[in-house]
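These notes concern the structure reproduced below.
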Protein chains: 2
Amino acid sequence: MATMRDVAERAGVSIATVSFVVNGTKRVTDATRARVEDAMRELGFRRNPVGAALANGRTRIIALLFPTLERTLSHTAVAFFTSAARRARERGYDLILWPIGSDIEHIDVLARGGLVDGVILMEVKLDDPRVAALAVNHVPFAMIGRTADPSGVPYVDIDMATSAREAYERLAALGHRDIAYVYSEGVQYDHGADARSRQAYREAAAAHGRPATLIPCAEHPTAGRELGERFAAEHPDATAVILLNEHAAPGLLAGLAQAGVRVPQDLSVLSLGSSAYMASMTDPPLSYLRTPGPELGELGFDAVLQRLTAPDEAPMQALLPCEYVPGDTMAAPRG
Amino acid sequence: MATMRDVAERAGVSIATVSFVVNGTKRVTDATRARVEDAMRELGFRRNPVGAALANGRTRIIALLFPTLERTLSHTAVAFFTSAARRARERGYDLILWPIGSDIEHIDVLARGGLVDGVILMEVKLDDPRVAALAVNHVPFAMIGRTADPSGVPYVDIDMATSAREAYERLAALGHRDIAYVYSEGVQYDHGADARSRQAYREAAAAHGRPATLIPCAEHPTAGRELGERFAAEHPDATAVILLNEHAAPGLLAGLAQAGVRVPQDLSVLSLGSSAYMASMTDPPLSYLRTPGPELGELGFDAVLQRLTAPDEAPMQALLPCEYVPGDTMAAPRG
DNA sequence: CTGAAAGCGCTTACAG
DNA sequence: CTGAAAGCGCTTACAG
């Protein structure tokens with residue numbers, strides 16, 4: 001483990017000069033640079049990022065916080081991470097996934113200690129204690145999602161209210177009058193996306209003078225299957241379902257088929273916030289409102305990066321729509 | 001951002017004493033400890049892990065390397081990570097997911113620089129350059145998976161050869177004679193688990209005096225669906241399929257149904273290396289050989305930890321079997 | 001039981 | 001263009 005001192009000695013220069021060469025941070029004559037580079041190669045030198053971090057307070061590492069231990073990481077959620085990681089790489093940063101939940105103590109040891117330059121929060125709640133903790137400690141961060149009042153805080157989020165309304169209106173336009181809503185059981189009530197779309201569903205139903213039918217379902221295909229099998233018995237009037245639980249989707253359709261409910265002839269299903277991958281997991285393939293996962297991942301990274309490079313600019317605040325992708329699970333209600 | 005120096009001043013002690021209190025690393029009188037703890041509380045002190053890491057060479061962070069940018073992170077793969085993270089937490093460590101592939105340069109900057117204490121490799125190839133790079137640099141690591149010759153290197157792996165053989169034998173015992181094998185297209189040919197099970201399939205077929213039928217399929221439900229739809233036409237003799245591509249499974253069954261192939265009456269399907277979650281995504285639910293994901297995640301962490309705490313002990317080398325879980329996709333061949 | 005001091009591997013004004 | 005030196009925030013023998 002050669003250090004800069006070793007390289008400096010071998011090259012006959014000061015360690016400052018080695019640092020300049022390594023980081024390209026100051027002009028160095030070609031001859032000197034060549035000597036230093038030879039020495040580095042001969043010794044197999046690699047800069048120790050911990051030393052660098054302590055000296056200049058930067059690691060070029062951004063952490064994405066996702067509570068994997070509390071919430072299942074869906075394929076769609078993985079897309080956020082992957083696209084953010086790709087963008088980070090393009091910008092010369094590293095993105096890591098840190099599986100911590102709301103353990104604030106833990107969070108700011110990591111973040112404020114300088115191990116990472118910034119943080120991206122996922123699974124943001126309406127009232128999220130992590131936001132205050134990070135802000136107080138001056139840790140640069142951005143949210144993918146947003147709190148109830150995100151003023152002044154950088155975020156990129158899905159416009160769930162609009163999307164939920166769109167889902168309702170699309171089904172209503174086909175002639176559906178009894179539209180139920182299946183959500184993820186076990187998701188905290190104040191989970192941002194969940195709460196907002198539930199609320200929008202309620203309002204849309206009210207606007208149409210219809211009751212709201214909220215049906216919980218665990219985030220697992222087996223739970224979906226069970227729901228599908230008993231659905232017709234429990235909700236005989238419903239002709240359409242808005243689904244905000246992609247883990248349950250394949251099971252739900254299988255269970256419905258099992259119980260003799262034909263999709264879409266007897267029941268339309270519209271998945272709210274899904275991806276091509278998950279939508280094509282079901283039979284028939286789902287009609288869905290596509291989560292702009294890759295876009296949000298990239299923007300999320302850009303949003304933290306902006307905090308680092310241009311802290312005086314107004315924070316990025318972006319709300320992206322879901323895009324409707326037709327599948328084979330929507331039709332007009334029967335006669 | 002109060003430092004230890006600040007705390008020491010306020011408490012009227014030396015920073016050494018503060019360090020002893022923070023880390024519980026030396027006996028301190030109750031009175032002194034109380035003064036230090038008060039000062040820490042008043043100043044909102046948190047130990048800076050970068051300073052600590054530079055001084056003692058440890059961060060209590062382990063990185064799991066998974067090439068998310070090159071390979072889709074399946075739900076089953078996420079289970080490895082989650083269980084390793086949970087175990088890490090139990091042991092007072094943090095586990096992070098670092099999405100880097102075979103970029104060796106990158107790897108040892110991170111690992112050897114002391115940012116992390118150790119590394120867990122996933123997606124190990126038969127001849128994997130990362131192994132040599134880490135070994136040369138004395139980075140403690142363990143593999144989940146293994147190279148062609150893993151002697152002396154710590155690993156935990158699935159016994160894919162035995163599992164693939166078991167898959168074949170189970171189908172053969174039901175009376176199947178034409179058993180095809182569907183693998184993940186795009187997975188490098190020397191991916192350990194993939195190569196080993198493919199080879200075992202070939203050998204099992206040969207032992208039964210039957211030809212080997214290897215069918216590639218991309219890791220996506222849509223690819224599975226297309227394969228399902230054309231399967232009967234292209235492989236009219238096959239009465240059973242061993243599947244090592246869980247992304248394609250739901251689509252494959254949907255495509256088969258679409259083409260009028262009944263599972264399991266016309267075709268048996270046995271998924272090799274899957275989880276309850278993925279198996280219940282399909283209709284009907286898959287029969288499968290269960291990947292011991294949670295077990296491997298935990299053991300993988302233990303294997304690196306052992307390198308840190310007992311470097312002189314023989315490295316852990318464990319091979320875990322898959323367990324057969326009956327579903328609804330296996331039956332005797334018709335006629 | 002507690003403290004003074006060296007050191008971990010870098011970066012970065014400040015001189016020259 | 002290059003170097004000497006202070007400093008980033010800790011830990012840890014070594015004394016006392």
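Letters A, B, ... mirror the listed sequences (proteins, then strands); counts begin at 1.
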Look only at the side chain of R307(B) and the backbone of P140(B), and say whether a donor-acceptor pair between them is shorter than 3.5 Å. no

Are the side chain of E298(B) and the backbone N or O of G293(B) linked by a donor-acceptor pair below 3.5 Å?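 No, because the side chain of E298(B) does not come within donor-acceptor range (under 3.5 Å) of the backbone of G293(B).
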
Could I get the full list of side chain to side chain donor-acceptor pair (under 3.5 Å) partners for D149(B), not counting sequence neighbours?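 In terms of side chain to side chain donor-acceptor pair (under 3.5 Å), with neighbours along the sequence ignored, D149(B) is linked to S151(B).
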
What contact category does [X] fall into here, base, sugar-phosphate, or nothing, at under 4.0 angstrom with non-hydrogen atoms?
X      : answer
S19(B) : base
R58(A) : sugar-phosphate
A16(B) : base
V22(A) : nothing
T32(B) : sugar-phosphate

With a 4.0 Å cut-off on N to O distance, would you call D38(A) and R35(A) a salt bridge?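 No, no charged N to carboxylate O under 4.0 Å.
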
Between R89(A) and D94(A), is the closest basic N to carboxylate O distance under 4.0 Å?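 Here D94(A) pairs with R89(A) in a salt bridge, since their nearest N and O are under 4.0 Å apart.
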
In terms of side-chain heavy atoms, does T147(B) have a donor or acceptor partner in D128(B) at a distance below 3.5 Å?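 No pair is found: no donor N or O on one side chain lies under 3.5 Å from an acceptor on the other.
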
Would you sketch DNA chain D in dot-bracket for me? Only Watson-Crick or G-U wobble pairs with both distances under 3.5 Å count, crossing pairs as [ ], other-strand pairs as |, the rest as dots. |||.||||||||.|||

Nearest-0.5 Å distance, CG of residue L121(B) to CZ of residue R146(B): 15.0 Å

Aromatic ring proximity Y93(B)/F301(B), centre distance under 6.0 Å: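 Yes; F301(B) has its ring centre under 6.0 Å from that of Y93(B).
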
Between K26(B) and N56(B), name the one whose nearest nucleotide on DNA chain D is closer to the 5' end. N56(B)

Along DNA chain C, first and last positions that approach a heavy atom of chain B under 4.0 Å: dC1(C) to dG9(C)

Nearest heavy atom decides the nucleotide; on that basis, is R33(B) or A55(B) closer to the 5' end of DNA chain C? R33(B)

